Amino acid sequence: MPPFSANWAFFLDIDGTLFDIAETPDAVRTGRADNKVIATLREAAAGAVALVSGRSLAAIDELVPLNLPASGQHGVERRDAQGRVRRAPFPVEALQRAVGGIREFAAKHDGLVFENKGYCVALHYRLAPQLAGAAHRVVREAAARIGDQVEVMGGKMVAELKPAGRNKGIAIEEFMREAPFAGRTPVFLGDDVTDEQGFEVVNRLGGHTVKVGEGPTAARWRLKGPAEVRAWLRAWIGHAAGR
């Protein structure tokens, strides 16, 4: 792992990075001690901590109720350090009309979980891995009905339909142009293929990228799992405090 520096700006994925992945998104639970680590990290980094997730901003706040700067739905929506929220222009109505087939497919198959995030929709098959191929096919078919305004993104046991042209890397670049992130060295931790564009951007910016778990990656460093992530963040907090 890279040597600690007090001048870091942290960008943190949530599921599989800060917290263990659960069978469904709603089943993820956090404790007061977990959120205290994040709150203390924000204080030690002079506010330069942002959550960068595929979850919506509302879902992020429910899980981590700290009103942090955050990027939700893979960069589609972003809240800056002043609390201002920006969302990419996108015909949400067209997306919602086209995803009925995904919802119906999930309803007909035990173990599939349909998640409507507002700007993105996801079909989770963690409880029915044998349906992986069918799940991705149904999502691709829905994307074809909308056109090039959307794209299909795969992840850990999930197929997702999202607006094209936005991703976690773009969100991180935008944060890095603003206070309190500007002038600091970006550090991005993520666990999934959806984090790779963020890794590429942070590498280009001369920052540190940390892959959590196994698998090929553009990240330059690696931690085993969320427990190790939280321990590493606590160690950085101690370093920043001079301990």
Side-chain angles (χ1 to χ4, degrees), residues 1-21 28-55 60-61 63-72 78-83 168-169 171-192 194-215 217-243:
M1 298 295 289
F4 288 150
S5 170
N7 196 41
W8 285 357
F10 290 89
F11 300 96
L12 308 172
D13 176 49
I14 297 176
D15 297 270
T17 299
L18 279 175
F19 311 118
D20 290 316
I21 293 176
V28 175
R29 294 290 181 268
T30 64
R32 285 194 299 175
D34 297 329
N35 282 328
K36 185 177 180 180
V37 171
I38 303 169
T40 307
L41 179 69
R42 174 177 59 181
E43 181 179 354
V49 176
L51 302 177
V52 182
S53 175
R55 290 176 177 263
I60 291 172
D61 289 344
L63 197 63
V64 185
L66 298 173
N67 197 35
L68 289 168
S71 168
R78 190 175 70 88
R79 180 174 62 219
D80 65 19
Q82 284 69 48
K168 294 182 179 182
I172 291 172
E173 283 189 292
E174 292 170 343
F175 279 123
M176 288 299 298
R177 291 194 288 266
E178 303 168 349
F181 304 94
R184 288 176 169 261
T185 299
V187 179
F188 179 41
L189 288 79
D191 73 301
D192 206 346
T194 59
D195 299 309
E196 290 299 318
Q197 289 162 316
F199 291 149
E200 292 169 2
V201 165
V202 172
N203 286 342
R204 176 166 51 80
L205 294 176
H208 303 301
T209 47
V210 183
K211 167 78 170 181
V212 181
E214 299 178 351
T217 183
R220 293 170 174 162
W221 312 91
R222 195 180 297 264
L223 286 168
K224 183 178 179 181
E228 287 73 21
V229 168
R230 296 191 299 270
W232 187 68
L233 294 176
R234 285 193 294 268
W236 184 87
I237 292 167
H239 170 84
R243 296 193 297 271

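In this text the structure is predicted, and so the values were computed from the model without any measurement.
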Next item on the list: For the residue pair Val187 and Phe11, establish whether any side-chain heavy-atom pair is separated by less than 4.5 Å.
Entry: no
Notebook entry, point to check: In chain order, what residues pass the salt bridge (charged side-chain N to carboxylate O under 4.0 Å, His left out) check against Asp192, with sequence neighbours excluded?
Noted result: none
Item checked: Heavy-atom pair with the smallest gap, counting every atom of Pro180 and Ala46 -> CB-O, 3.6 Å
Check: CZ of Phe199 to CZ of Phe188: how many Å apart, nearest 0.5 Å?
Finding: 5.5 Å
Check: Mind checking what makes salt bridge (charged side-chain N to carboxylate O under 4.0 Å, His left out) contact with Glu43, not counting sequence neighbours?
Finding: none
Check: So, for Phe181 and Ala9, which heavy atoms are closest and what is the spacing to 0.1 Å?
Finding: CD2-CB, 3.9 Å
Check: Which pair of non-hydrogen atoms, one from Ser53 and one from Asp15, has the smallest distance, and what is that distance?
Finding: OG-OD2, 4.4 Å
Notebook entry, point to check: From Asp195 CG over to Thr217 OG1, what is the distance, rounded to the nearest 0.5 angstrom?
Noted result: 8.5 Å
Check: Which pair of heavy atoms, one from Asp80 and one from Phe175, lies closest together, and at what distance?
Finding: CA-CE2, 4.2 Å
Notebook entry, point to check: Which word best sums up how the rings of Trp221 and His208 line up, parallel for under 30°, tilted for 30 to 60°, or perpendicular for over 60°?
Noted result: perpendicular
Next item on the list: List for me each residue that meets side-chain contact (heavy atoms from CB on, under 4.5 Å) alongside Val49, sequence neighbours excluded, and say none if there are none.
Entry: Phe10, Leu12, Leu41, Arg42, Ala45
Check: Side chains of Thr209 and Asn203: donor-acceptor distance under 3.5 Å anywhere?
Finding: yes
Margin query: Just to verify, what does Arg79 make a salt bridge (charged side-chain N to carboxylate O under 4.0 Å, His left out) with, not counting sequence neighbours?
Written below: Asp61
Item checked: Ile38 versus Phe19, closest heavy-atom pair with distance -> CD1-CZ, 3.9 Å
Checklist line | salt bridge (charged side-chain N to carboxylate O under 4.0 Å, His left out) involving Arg230 - partner list, sequence neighbours excluded | finding: Asp34
Notebook entry, point to check: Looking at Gly16 and Pro226, what are the two nearest heavy atoms and their distance?
Noted result: O-CG, 3.7 Å
Next item on the list: Step by step, work out the salt bridge (Lys or Arg N to Asp or Glu O under 4.0 Å) result for Lys168 and Glu200.
Entry: CA-CA 10 Å; Lys168 294 182 179 182; Glu200 292 169 2; over 6 Å; no
Note to self: A side-chain contact here means heavy atoms from C-beta on lying under 4.5 Å apart; do Thr185 and Ser5 qualify?
What the structure shows: no
Notebook entry, point to check: Does the side chain of Thr40 reach to within under 4.5 Å of the side chain of Ile237, using non-hydrogen atoms?
Noted result: yes
Next item on the list: Under the side-chain contact (heavy atoms from CB on, under 4.5 Å) rule, what do Leu189 and Leu223 come out as? Steps first, then yes or no, please.
Entry: CA-CA 9 Å; Leu189 288 79; Leu223 286 168; 4.3 Å; yes
Margin query: Applying salt bridge (charged side-chain N to carboxylate O under 4.0 Å, His left out) as the test, list every pair that has at least one member in residues 217-226; sequence neighbours left out.
Written below: none
Checklist line | Result of checking Leu63, Ile60, Leu66 against Leu51 for side chain to side chain contact (heavy atoms under 4.5 Å, CB included) | finding: Ile60
Note to self: Assess whether a salt bridge exists between Lys211 and Asp191, defined as any Lys/Arg side-chain N lying under 4.0 Å from an Asp/Glu carboxylate O.
What the structure shows: no
Checklist line | Salt-bridge contact Glu173-Arg204 (side-chain N to carboxylate O under 4.0 Å) | finding: yes
Check: In terms of heavy-atom contacts, does CD of Gln82 have more than 12 from other residues, nucleotides or ligands at under 6.0 Å?
Finding: yes
